[in-house]
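Step one of this worksheet: look at the structure below.
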Number of protein chains: 2
Amino acid sequence: MQGQNISDIIEEYLKRILADTRQVEIKRSEIAQLFNCVPSQINYVINTRFTIQNGYIVRSKRGGGGYIRIAKVNLINDADVLDDLIDVIGDNISFSQAFQIIQSLFEDSVLTQKEANLILVAIDRRTLDFEDKRVENAIRARILISILNRLKYDG
Amino acid sequence: MQGQNISDIIEEYLKRILADTRQVEIKRSEIAQLFNCVPSQINYVINTRFTIQNGYIVRSKRGGGGYIRIAKVNLINDADVLDDLIDVIGDNISFSQAFQIIQSLFEDSVLTQKEANLILVAIDRRTLDFEDKRVENAIRARILISILNRLKYDG
DNA sequence: AACTTTTTGACTAATATTGACTTTCATTAT
DNA sequence: ATAATGAAAGTCAATATTAGTCAAAAAGTT
């Protein structure tokens with residue numbers, strides 16, 4: 001696919017592990033060395049690709065014996081997570097953030113591929129392209145929250 | 001066909017690749033260099049010749065390892081019926097009119113019950129409740145049109 | 001001439017990479 | 001115990017690397 005940049009490659013590496021096990025525990029510096037990049041790049045990958053919007057929870061510890069642990073959460077049987085997502089959305093959300101949420105819902109089989117695609121075009125940048133970017137993000141938030149609330153009822 | 005200008009030549013080049021593979025992934029600057037034109041000309045070619053009406057969808061990413069991906073999609077049989085609906089919608093539509101459209105698409109099995117319901121909450125009055133009713137109807141029209149365009153192809 | 005399409009480039013936006021500096025925690029020395 | 005040291009991970013801002021937008025200029029058509 002599009003494995004051009006290092007971040008994508010690291011993402012893929014971690015997700016491949018997470019496909020089998022429910023959780024990974026890494027040492028930041030080791031992974032950095034493995035992929036020949038600076039340690040903070042691992043943070044970048046985590047912050048952009050392993051957020052709660054993506055369906056992951058990350059915990060870490062500093063100091064000697066430190067680690068970063070990434071765990072996949074399930075959105076179906078965890079209704080609280082849906083509410084957390086609604087909180088995260090608040091009153092505005094960018095498309096890329098929204099995309100991550102929809103993708104997570106698809107991966108957890110809350111949405112079919114087609115349902116996810118229809119929602120995505122509905123909240124696409126071009127669709128909601130109005131005078132002000134804040135307006136765009138506000139409308140998107142409202143649509144998304146309406147949909148998430150609907151999903152709480154008939155799954 | 002008549003390869004006079006650069007845009008036509010680039011179009012032909014890309015379509016030749018797409019005749020074999022289902023999708024192309026390019027680097028904008030590379031193609032620009034290959035055809036000795038400015039990068040933004042690639043955008044022009046894409047915007048004028050690789051639209052959904054022509055049966056293509058385009059996705060891109062900026063930043064390091066960025067790309068433009070063009071994929072050929074097969075338009076469904078009644079794509080022009082959807083085009084007619086899009087014409088009817090124009091640039092604004094009330095909820096009740098939109099409801100009728102969604103309902104008829106459900107009756108024609110273009111949409112499942114759940115898909116229809118999700119679309120309906122997305123374009124509901126309460127979701128799109130804004131200061132001005134005309135703004136509400138305009139946003140609804142754009143969302144609906146995006147969805148209808150998406151329904152023109154599957155996958 | 002009027003109109004449409006194409007070409008160009010300056011400016012903008014998004015995403016990724018890097019490194020200096022900070023914080024936290026565990027272990028060792030006093 | 002407490003302090004000092006070192007070993008992690010975190011933050012943040014600067015820089016780099018792409019693609020997108022828009023409108024003016026140029027070229028082509030009618």
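To find a chain, count down the sequence lines: A is the first, B the second, and so on, and within it residues start at 1. Only heavy atoms go into these numbers, but all of them, side chains included; no hydrogens, no water, no symmetry mates.
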In whole angstrom, give the distance that lies between atom [atom1] of [X] and atom [atom2] of [N].
X	N	atom1	atom2	answer
Arg28(A)	dC25(C)	CZ	P	15 Å
Asn47(B)	dT7(C)	CG	P	14 Å
Arg59(A)	dT24(C)	CZ	C1'	14 Å

request  = Spell out protein contact along nucleotides 12-19 of chain C as letters: B when the base is contacted, S when just the sugar-phosphate is, - when no protein heavy atom is under 4.0 Å; keep the 5' to 3' order.
outcome  = -BBBBBBB
Under 3.5 Å, which N/O atoms of the protein pair with N/O atoms of nucleotides 2-4 of chain C?
none

message = What range of DNA chain D does chain B touch, first nucleotide to last, counting atoms under 4.0 Å from its heavy atoms?
response = dT17(D) to dT21(D)
Acceptor/donor pairs from residues 73-85 of chain B side chains to any protein atom, 3.5 angstrom cut, sequence neighbours excluded:
residue	atom	partner	partner atom	Å
Asp83(B)	OD1	Lys152(B)	NZ	2.9

request  = For Lys61(A), enumerate each residue passing the salt bridge (charged side-chain N to carboxylate O under 4.0 Å, His left out) test, keeping only those at least two apart in sequence or located in another chain.
outcome  = none
task = Not counting sequence neighbours, which residues clear salt bridge (charged side-chain N to carboxylate O under 4.0 Å, His left out) with Lys27(B)? List them please.
result = none
[X]: side chain to side chain contact (heavy atoms under 4.5 Å, CB included) partners, not counting sequence neighbours:
X	answer
Arg150(B)	Asn117(A), Leu118(A), Val121(A), Tyr153(B)
Ala141(A)	Ile89(A), Ile93(A)
Leu18(B)	Val24(B), Phe50(B), Tyr56(B), Ile70(B)
Glu25(A)	Tyr67(A), Arg69(A)

message = Under a 3.5 Å threshold, yes or no: a donor from one side chain and an acceptor from the other, between Gln97(B) and Ser94(B)?
response = yes
ask   = Any Lys/Arg nitrogen of Asp8(A) or Arg49(A) sitting under 4.0 Å from an Asp/Glu carboxylate oxygen of the other?
value =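 Looking at Arg49(A) together with Asp8(A), the answer is yes, because their closest N to O distance falls below 4.0 Å.
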Output side-chain donor-acceptor pairs under 3.5 Å for residues 30-40 of chain B, partner residues at least two apart or in another chain, one line each.
none

ask   = When the nearest nucleotide of DNA chain D is assigned to Val58(B) and to Gly66(A) on a heavy-atom basis, which residue is associated with the more 5' position?
value = Gly66(A)
query = How would you label the contact of Ile68(B) with the nucleic acid (heavy atoms, under 4.0 Å): base, sugar-phosphate, or nothing?
reply =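 Touches sugar-phosphate only.
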Name the atoms and distances for all side-chain donor-acceptor pairs under 3.5 Å in residues 98-107 of chain A, with sequence neighbours left out.
residue	atom	partner	partner atom	Å
Gln100(A)	OE1	Asn54(A)	ND2	3.4
Gln100(A)	NE2	Thr48(A)	O	3.0
Ser104(A)	OG	Gln53(A)	O	2.4
Ser104(A)	OG	Asn54(A)	O	3.2
Ser104(A)	OG	Gln100(A)	O	2.7

